[in-house]
Amino acid sequence: MSQEKKFETQAIRTQIATTSAQEHATPLYLTSSFLYQDAEEMRAAFAGENDKNIYSRFTNPNYQELVDKVCLMEGAEAGYAFATGMSAIFSTFAALLSAGDHVVSCRSIFGSTHTVFQKIFPKWQIETTYVDIKTPASWQEAIQPNTKVLYVETPTNPGVDLVDLEWLGKFAKQNELILIVDNCFATPYLQQPIKYGADLVIHSATKFMDGQGRVMGGVTVGRQDLIDEVYAFSRSAGPAISPFNAWVISKSLETLGLRMDRHCDNALKLAQFLEGHERVAWVKYPFLPSHPMHEVAKKQMKAGGGMVSFGIKGGAENGKQFLNNIAMCSLTANLGDSRTIVTHPWSTTHAKLSEEERQKVDITPELIRVSTGLEHVDDIIADIDQALNKAF
């Protein structure tokens, strides 16, 4: 009797069909276009009557393998792969929204997403209302007759706050909204928002999916009818991922489960260490009992993820000094890498937001974000400990 394969097996064994060479690993398809046997096959391909590839801006075998894997991982009907995570976010919204539409979004979102909502979409008469992820009971007030999309990150970047996905899915359906969830921090290994009612799920595949800071990519998966609209927009707009990057990320997904287990284990131990540190004002990590949404995290996540945020006593100046004292960990504009990365969002990733905007999303001067890597946890803790001690 057959049974559904486990996550790790699907991640490794989901591949496109082998060629006549009978290769064991999927080959690279570095071609801009594809051939047809005759005029009728070519006509049918352009008419969408067969599944033949046309042009690598539309489809490509490497791109398709990546999408197939993420769809299986997330429990989605269809998907599309993009050049970056931001192209996934922008193209998904651009495909679904029209002038006069309204978006309700959690206030705690990635800085570039905030720029799209506040600087770009208003040019097209698309407005966004922010709501506090910590007080979802107030969200009903933000809904307008022209509201079309509800968008959240959970956990959020960089504050590692959560929203109850079960509640959120019901809320979206009650208000007839398209629910889009950025699942980048959790990855589909730890959390599957579609199970709770999400219509679309977005990933920056640059992060944990690749996992080694090598290539960029983005993926949107979910309902077939919505993905059809995303595909139609993207086919003409041209934000598709390159075959090489799709190939790299697809291979990386084979080890996602293994890597996330280590990320989560290291992050929890680091968070526990930081909670007892005299130089630290507060710590946020979903699987710490002190996290305000700890019970929700345990309900909807397999583990707490690789991201830890904490507040360094002394504010922005000590935060900058802490970064200057780092010896092993990396100072860089990425996360989800095999190497531990430390960031001061106030002065870097969210610096383009006004001081008032940063305060509203709890990006405070003392906030430090740690993307916990795969090094031995003792070495991670030792580096962060010495940097904290020297900052005072």
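Since the model is a prediction, treat every value here as computed from it, not as a measurement.
Checked against a 6.0 Å centroid threshold, the rings of Phe58 and Tyr231 do not count as neighbours. Two rings, from Phe82 and Phe90, have their centers 6.0 Å or more apart. Checked against the 6.0 Å centroid criterion, the rings of His277 and Phe310 do not qualify as a close aromatic pair. Ring centers of His291 and Tyr285: at least 6.0 Å apart, outside the cut-off. When ring centroids are compared, Tyr189 and Phe208 stay outside the 6.0 Å threshold.
Glu166 and Lys299 are joined by a salt bridge, as a carboxylate oxygen and a charged side-chain nitrogen come within less than 4.0 angstrom of each other. Of the charged side-chain nitrogens involved, at least one lies within less than 4.0 Å of a carboxylate oxygen, so that Glu49 and Arg43 count as a salt-bridged pair.
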Original post:
What do the steps show when you test Thr113 against Tyr151 for side-chain contact (heavy atoms from CB on, under 4.5 Å), and what is the final call?
Top reply: CA-CA 11 Å; Thr113 309; Tyr151 175 76; 3.9 Å; yes

**OP:** List the steps and the verdict of ring pair (Phe, Tyr, Trp, His ring centres under 6.0 Å) for Tyr63 and Tyr29.
**Re:** CA-CA 9 Å; Tyr63 144 88; Tyr29 288 85; over 10 Å; no

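Phe117 and Tyr130 have tilted rings, their planes meeting at an angle from 30° to 60° on a 0 to 90° scale. A perpendicular orientation is assigned to the rings of Trp167 and Trp139, their planes being inclined by more than 60° (bins at 30° and 60°).
The neighbour count for Lys148 NZ, taken as heavy atoms of other residues, nucleotides or ligands under 6.0 Å away, is above 12. Within a 6.0 Å radius of CD in Glu141, no more than 12 heavy atoms belonging to other residues, nucleotides or ligands are found. At most 12 heavy atoms of other shown residues, nucleotides or ligands fall within 6.0 angstrom of atom CE in Met216. For Gln224, the CD atom is densely surrounded, since the number of other residues' heavy atoms within 6.0 Å is greater than 12.
The closest side-chain heavy-atom distance from Phe110 to Glu153 is below 4.5 Å.
Within the structure, every pair that satisfies the salt bridge (Lys or Arg N to Asp or Glu O under 4.0 Å) test and touches residues 180-209, not counting sequence neighbours, is listed here: Asp199-Arg223.
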Pairs under 3.5 angstrom only: tabulate donor-acceptor contacts from the side chains of residues 11-18 to other protein residues two or more places apart or in another chain.
residue	atom	partner	partner atom	Å
Thr14	OG1	Gln10	O	2.6
Gln15	NE2	Thr26	OG1	3.1
Thr18	OG1	Gln22	NE2	3.4

